[in-house]
Number of protein chains: 2
Amino acid sequence: MNYVIDEVDKKILMYLIDNTRMPFTEIAKKMNVSAGTIHVRVKKLEEAGIIKGTTLITDYDKMGYQFVAYVGLLLTKTSKTQRVIDELYKIPNVTVVHVVSGKYNIFCKIRAKDTGDAKEVIYRIDQIDDVLRTESMISLEESFNDKNRLMHSIFQ
Amino acid sequence: MNYVIDEVDKKILMYLIDNTRMPFTEIAKKMNVSAGTIHVRVKKLEEAGIIKGTTLITDYDKMGYQFVAYVGLLLTKTSKTQRVIDELYKIPNVTVVHVVSGKYNIFCKIRAKDTGDAKEVIYRIDQIDDVLRTESMISLEESFNDKNRLMHSIFQ
DNA sequence: GGTGAAAGCACCGAGTT
DNA sequence: AACTCGGTGCTTTCACC
């Protein structure tokens, strides 16, 4: 369970975070090790659960999903948080859910096509049992820090 | 610029969102088209900017980054928002930045090793010129809705 | 815009050091 | 734990439809 990643693992992760389809042979060449080594390391990182999967970085805007908002949920005192989370996940527009400390009990991120679509999503959230009320914060502009920057810091 | 994605594109995107390393030959077989077609379609989706890249889904916990928080920034009236965003991006722990409407001017997500690490990150944010003050919301638990669920909805 | 075949590579397991 | 090597299978191109 306590897998210790070394410098070789870190470098492999750096390359694959940028491009999961970079050939192992190319990574091997850049690192002066054999392609077989890369193969074995990647398999171990997958088995250890450090690499959980691969995915595309897609442009939501270009697919018609321009609307992003964060929604804070206030629950009743007796509510089962997990049940509310399960309900949230039935709404595909809910992309991330956090249990938080502070004003809200749950805080989530939603994506929608437009304000009309978002209204429906928020209405659905409001209708979940045990949700007292919600407060939304609309994003006017979203940008991501290059994933590599955090990784550089993680990997020193 | 207005690239219209058809059913073939949608299916390819669905497969690759789950696993960017799924062989084109396998996708081709599942879809009853040739591998060459998949290749050409993927290239076009990349050129159109719909596929912006590929990346790993990694376990931040297992790499020692257990701490997640959202930070709301209140700026002075005369401040240049973009300059503050640029400053935020110099901090690798800042992963997402939003310009928002409402109580805050800017809202961002941070990842840190622990509370001590987070304290430093928030201190750095507080020190940015034009930042009047910040308010943080600590995540006690983070979970992601399967990316596929939104995509299924996007792709009907 | 799609196909199918062929050449060039990459993957990945087995055996070795 | 990493290397080499070889069989298998993937990618990518191109002439043709």
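All values reported here derive from a predicted model rather than from experimental measurement. Because only heavy atoms are used, hydrogens play no part in the values below, and waters and symmetry mates are left out as well, while side chains stay in. Chain A is the first sequence line, chain B the second, and so forth, proteins listed ahead of strands; every chain is numbered from 1.
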For this session: Determine whether B:I110 and B:V68 make a side-chain contact, defined as any pair of heavy atoms from C-beta on separated by less than 4.5 Å.
Result: no

Exercise. How would you list, by chain and number, every residue that makes a salt bridge (Lys or Arg N to Asp or Glu O under 4.0 Å) with B:E47, sequence neighbours excluded?
Worked result: none

Problem set entry | Pair A:D130 + A:K80: basic N to acidic O under 4.0 Å | no

Problem set entry | Test applied, side chain to side chain contact (heavy atoms under 4.5 Å, CB included); reference residue, A:Y104; option that passes from A:L75, A:V99, A:L74 | A:L74

Problem set entry | Charged tip of B:R111 within 45° of B:Y60 ring normal and under 6.0 Å | yes

Seminar exercise, completed: Contacts satisfying side-chain hydrogen bond (donor to acceptor under 3.5 Å, both in side chains) that involve residues 12-28 of chain A (not counting sequence neighbours) are A:D18-A:N148, A:N19-B:T54, A:T20-B:T20, A:T20-B:T54

Exercise. What closest approach, in Å, do A:L88 and A:I128 show between heavy atoms, and which atom pair accounts for it?
Worked result: CD2-CD1, 3.9 Å

Exercise. Does any non-hydrogen side-chain atom of B:I50 lie less than 4.5 Å from one of B:Y3?
Worked result: yes

Seminar exercise, completed: Students should find that the nucleotides of DNA chain C closing off the region near chain B, any atom under 4.0 angstrom from a heavy atom, are C:dG1 to C:dC11

Problem set entry | Under 4.5 Å side-chain linkage, directly or through intermediates, the cluster mates of B:F144 | A:V96

For this session: Anything under 4.0 Å to a heavy atom of chain B counts; send over the first and last such nucleotide of DNA chain D, read 5' to 3'.
Result: D:dC10 to D:dT13

Exercise. Which pair of heavy atoms, one from B:Y65 and one from A:S153, lies closest together, and at what distance?
Worked result: OH-OG, 3.4 Å

For this session: Would you please name every residue forming a side chain to side chain donor-acceptor pair (under 3.5 Å) with A:D126, sequence neighbours left out?
Result: A:T134

Problem set entry | Selection: residues 35-45 of chain A, any non-hydrogen atom under 4.0 Å of DNA chain D | A:T37, A:R41, A:K44

Exercise. Listed in order of residue number, which residues of residues 17-30 of chain A have a non-hydrogen atom at under 4.0 Å from DNA chain D?
Worked result: A:R21

Problem set entry | side-chain hydrogen bond (donor to acceptor under 3.5 Å, both in side chains) contacts touching residues 66-78 of chain B (sequence neighbours left out) | A:H98-B:Y70

For this session: With sequence neighbours excluded, tell me which residues meet side chain to side chain donor-acceptor pair (under 3.5 Å) with A:K103.
Result: A:E135

Exercise. Does the pair A:E120/A:K113 count as a salt bridge with the N-to-O cut at 4.0 Å?
Worked result: no

Exercise. Angle, rounded to 10°, between the helical axes spanning five pairs at each terminus of the helix from C:dG1-D:dC17 to C:dT17-D:dA1?
Worked result: 30°

Exercise. Who passes salt bridge (Lys or Arg N to Asp or Glu O under 4.0 Å) against B:K90, sequence neighbours left out?
Worked result: B:E87

